[in-house]
Engineer: 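I'd like to ask you about the structure that follows.
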Amino acid sequence: MSFHPHMEYAPARFHKSERVLADDGETFAYTPERQQAFDEVVTRYPADRRKSAVLFALYLVQQQQGYVSGASMRFVASQIGCSTADVEDVATYYTMFYRHPVGTYVLNVCRTLSCALLGAERVVEQISAALGIKPGETDPSGMFTLIEVECLGACDRAPVVMVNDDWHERLAPEQVPAFLDGLRTRGAAALTGCHLHVEEK
Amino acid sequence: MAYEPVLTRYVREPNSFTLEHYLQHQRGYEGLRTALGRAPGDIIEQVKASGLRGRGGAGFPTGLKWQFVLKDTPKPKYICCNADESEPGTFKDHVLMERNPHLLIEGCAIACYAIGAKVAYIYIRGEFYHVQQVLEAEIAKAYAAGYLGKNIFGSGFDCDVFVHRGAGAYEAGEETALIESLEGKRAQPRLKPPFPAVAGLYQCPTAVNNVETLCNVPPIVLNGAEWFAALGPEKNGGPKLYCVSGHVKRPGVYEATMHTTLRELIYDERFAGGMLDERPLKAIIPGGSSVPLLLPDELDTPASFDHVQKAGSLLGSAGMIVLNDTVCMVWLAQNLLHFYRHESCGKCTPCREGGDWLYKLLQRVESGEGREKDIDLLYGVASNITGKTLCAFGDAAATPVLTTIARFRAEFEAHVREGRCTIPAEWRARQPMLAGHH
Ligand SMILES: Cc1cc2nc3c(=O)[nH]c(=O)nc-3n(C[C@H](O)[C@H](O)[C@H](O)COP(=O)(O)O)c2cc1C
Ligand code: FES
């Protein structure tokens, strides 16, 4: 059967998908170094199991352009040899992939119990107030994105914030303004890093 | 006699993570050398005799798990090391991998030899990128020194260890979901049976073991099964790492035997050193957020799998979250249900829909809008999740609700009666709607 262009079928009678498509973005291809990294890592899995490398492939995309776009998912599918839907299925499930551009520093504040007991909710409030954004948003300068995340596996150093791939630990709510200023002026060097090496030495 | 840590003795020394340090101070890779001189079946028997139980949460005997791995098959076999460490309150594998990575690498190699695998994948959570970098650099050194790769110690045994980075999903810690994720799919659990021992990674026989579990293997091979078993109460032998967090003076990872009581872990100077600001203890979650609460009168329970279970909870991942008198139990349940609602993989309806429902009900009660019947409704919804999902996530998600109502029902009733949170704490959000409402 065919649909006549003037037939009013779509809005009323058919379920409208709520699927949110990723920004399509620019045409995508890895830089030569990233291509090499992908080609190397894919050999860690059996030859007929290239799909195992899909998370790694998506991380490479995110390193290169900051988020995972529609075009990059098609590119990853061609690299892996699977369908774009397979890649999209994965990219939309895991929380560490961003499907829209994010700020220079993504502030992933742990909000789970041990961190909350030591003030994580207030850390989120302070950051929100200082930047004028709610969790999930990016500030107008494009420097910070605030995200609430679940337990980061460092509850003894609560409250914990993961900033991109780096960590900042024991961030008291009162320290938030200094913490943000530090990032603005000194970048990742202002972060405490993971305390394990130094604590109680 | 004071207990001498086995797994974490050196972790605070600056170079504890290096190969040189490991070789010099921990008889590094001697366990692997010894194991390769014996039959794989012997290693399994020794681990069985030691009574080593999985440190990932379920406490299942490791030797048995290895024995179940299908032997008569042309298919390759795999070790998957579970380094997803996402159970709230748990941070022990973090320390082991970052500060003593060769112990894990050696454990992986011995495990591979025991079950007849040639490859181990260490599935590490995406947030542990700094840990992964240490681990990968040290794996490269192990290869260069001939402890991994082809024909290790001239024995003819080949072994590869690869690190596989996850990307933010608590459910990826469940063993079949971990396998799915390793295969490049969503981290959702599989219907069991078949168990991974028969059809795991790539449908091949697989053993999934926690980081701490595998770290116990080299010391067992070196010191013997009797030594290991004698370290703790019966059936609860060996060294154990405890993660103490929350309202204590010195939160951290502490190694002890399973004779150690909860009271010691919280109050003793060797461990967490007492309650923060000397406030009274209200309750303790002894094994990660998925297990029932224990009350102060249960503090003399030894922190072993069996004793904690007898006391009505579970040792789980040994993530002990200590709560003082400022903690509102409705708030606590809401905080944890926010976690479970967010992390549910969505595969089973009771967990996906029930978790969301529980969260909304808790939010209503916590904000003072709750009705009397909401308390029974909470209990009813939670009871209808347990036992009705493919993996243990559903039970885990229902537990915070069931346990807080069972132990602190009066607090729920007070919220409903007074139309507000009756135990507001200054460390909580000033505007409850901002945090956790989106
Ligand atoms: C929802 C869920 C999350 C889990 N997360 C972890 C985890 O992060 N790390 C872990 O080692 N085990 C985790 N487990 C337990 C694993 O399924 C599995 O029992 C364990 O890795 C087996 O290793 P073990 O025998 O050495 O303990 C989880 C289980 C469930 C149901
Ligand atoms: S609760 Fe924040 S790191 Fe575990």
Side-chain angles (χ1 to χ4, degrees), chain A residues 41 44-46 48-56 58-59 80 82 86 89-97 108 111-122 124-125 128 134-136 148-158 162 165-167 173 193-194 196-201, chain B residues 11-12 14 76 85-91 93-95 98-99 125-131 160 162 164-170 181-187 202 243-247 251-253 289 319 321 323 327 332 335-336 338-339 342-343 345 427-431 434-436 438:
Chain A
V41 162
R44 297 177 178 182
Y45 309 98
D48 57 342
R49 300 289 183 171
R50 292 173 65 87
K51 209 174 152 193
S52 282
V54 66
L55 295 180
F56 184 79
L58 289 167
Y59 274 122
I80 301 273
C82 63
D86 281 338
D89 188 45
V90 169
T92 53
Y93 179 83
Y94 295 92
T95 55
M96 290 179 70
F97 298 123
N108 295 283
R111 57 150 307 281
T112 314
L113 187 55
S114 298
C115 284
L117 291 173
L118 292 169
E121 289 186 354
R122 300 216 44 228
V124 172
E125 278 188 342
S128 280
K134 291 204 286 289
E148 283 183 314
V149 296
E150 303 292 352
C151 181
L152 287 167
C155 326
D156 52 340
R157 287 155 272 147
M162 184 173 77
D165 281 330
D166 290 316
W167 286 37
C194 187
L196 278 175
H197 325 45
V198 283
E199 68 183 9
E200 287 176 39
K201 259 212 310 253
Chain B
V11 296
R12 291 208 161 74
E85 188 147 81
S86 306
E87 172 79 10
T90 314
F91 39 94
D93 302 342
H94 187 168
V95 178
E98 191 171 3
R99 303 304 298 162
R125 63 179 300 183
E127 293 86 344
F128 282 179
Y129 193 54
H130 58 292
V131 184
D160 282 315
F162 299 121
H164 184 102
R165 186 181 183 193
Y170 166 64
S181 182
L182 243 172
E183 291 184 0
K185 295 178 245 169
R186 291 183 165 217
Y202 310 133
C243 320
V244 190
S245 69
H247 291 143
V253 176
S289 65
I321 307 173
L323 310 164
V327 181
L332 176 133
N335 180 284
L336 291 180
H338 184 288
F339 170 83
H342 180 262
E343 297 296 331
C345 79
W427 42 262
R428 280 170 48 188
R430 302 286 189 261
Q431 305 249 308
L434 239 182
H438 52 90

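Since this is a predicted model, take the numbers as computed values, not measurements. Each chain gets a letter, A, B and so on, in the order the sequences are listed, and its residues count up from 1.
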Engineer: Would you call B/Asp160 and A/Arg44 a side-chain contact if the rule is heavy atoms closer than 4.5 Å?
Structural biologist: no
Engineer: If you look at every heavy atom in A/Tyr93 and B/Cys345, which pair is closest and at what distance?
Structural biologist: OH-CB, 3.2 Å
Engineer: Salt bridge check, A/Asp89 against B/Lys185: does any charged N sit closer than 4.0 Å to a carboxylate O?
Structural biologist: no
Engineer: Which of parallel (below 30°), tilted (30 to 60°) and perpendicular (above 60°) describes B/Phe128 and A/Trp167?
Structural biologist: tilted
Engineer: Considering only heavy atoms from C-beta outward, does the side chain of B/His342 approach that of A/Arg111 to under 4.5 Å?
Structural biologist: no
Engineer: Measuring only between side-chain heavy atoms, which start at C-beta, is A/Thr112 closer than 4.5 Å to B/Pro88?
Structural biologist: yes
Engineer: So for B/Tyr202, is it side chain, backbone, both, or neither that comes closer than 4.5 Å to the heavy atoms of chain A?
Structural biologist: both
Engineer: Work out which heavy atom in A/Glu125 is nearest to a heavy atom in B/Arg430; give both atom names and the distance.
Structural biologist: OE2-N, 2.8 Å
Engineer: Going from CG on A/Leu117 to CZ on B/Arg428, what distance comes out if it is rounded to the nearest 0.5 angstrom?
Structural biologist: 10.5 Å
Engineer: For chain A, which of B/Glu343, B/Glu85, B/His247 has the most heavy-atom pairs under 4.5 Å?
Structural biologist: B/His247
Engineer: Quick one: what part of B/Phe339 sits under 4.5 Å from any heavy atom of chain A, side chain, backbone, both or neither?
Structural biologist: both
Engineer: Going from NE2 on B/His94 to CG on A/Asp156, what distance comes out if it is rounded to the nearest 0.5 angstrom?
Structural biologist: 8.5 Å
Engineer: Do you know the tightest heavy-atom contact between B/Arg186 and A/Val90?
Structural biologist: N-CG2, 4.3 Å
Engineer: Report yes if some heavy atom in the side chain of A/Tyr45 is under 4.5 Å from a heavy atom in the side chain of B/His164; otherwise report no.
Structural biologist: yes
Engineer: Please identify, among A/Val54, A/Asp166, A/Asp165, the residue contributing the most non-hydrogen atom pairs under 4.5 Å to chain B.
Structural biologist: A/Asp165
Engineer: Kindly indicate whether the side chain of A/Tyr94, heavy atoms from C-beta on, has any atom under 4.5 Å from the side chain of B/Ser181.
Structural biologist: yes
Engineer: For A/Ala158, which residues count as a side chain to side chain contact (heavy atoms under 4.5 Å, CB included) partner, sequence neighbours excluded?
Structural biologist: A/Cys115, A/Leu118
Engineer: What are the two closest heavy atoms between B/Ser245 and A/Ser114, and how far apart are they?
Structural biologist: OG-OG, 2.8 Å
Engineer: At a heavy-atom distance under 4.5 Å, which candidate from A/Cys155, A/Pro173, A/Ala154 has the highest pair count against chain B?
Structural biologist: A/Cys155
Engineer: How many angstroms lie between atom CD of B/Glu127 and atom CG of A/Asn108, to the nearest 0.5 angstrom?
Structural biologist: 8.0 Å
Engineer: Which atom names give the shortest non-hydrogen contact between B/Glu183 and A/Ser52, and what distance separates them?
Structural biologist: CA-OG, 3.5 Å
Engineer: Checking heavy atoms, do the side chain of B/Leu336, its backbone, both or neither come under 4.5 Å from chain A?
Structural biologist: side chain
Engineer: Measure distances from B/Ser289 to the heavy atoms of chain A and classify the residue's part below 4.5 Å as side chain, backbone, both or neither.
Structural biologist: neither
Engineer: For A/Leu113, is it the side chain, the backbone, both or neither that has a heavy atom under 4.5 Å from a heavy atom of chain B?
Structural biologist: both
Engineer: Can you see which heavy atom on A/Cys151 is nearest to which on B/Glu87, and at what distance?
Structural biologist: SG-O, 4.3 Å
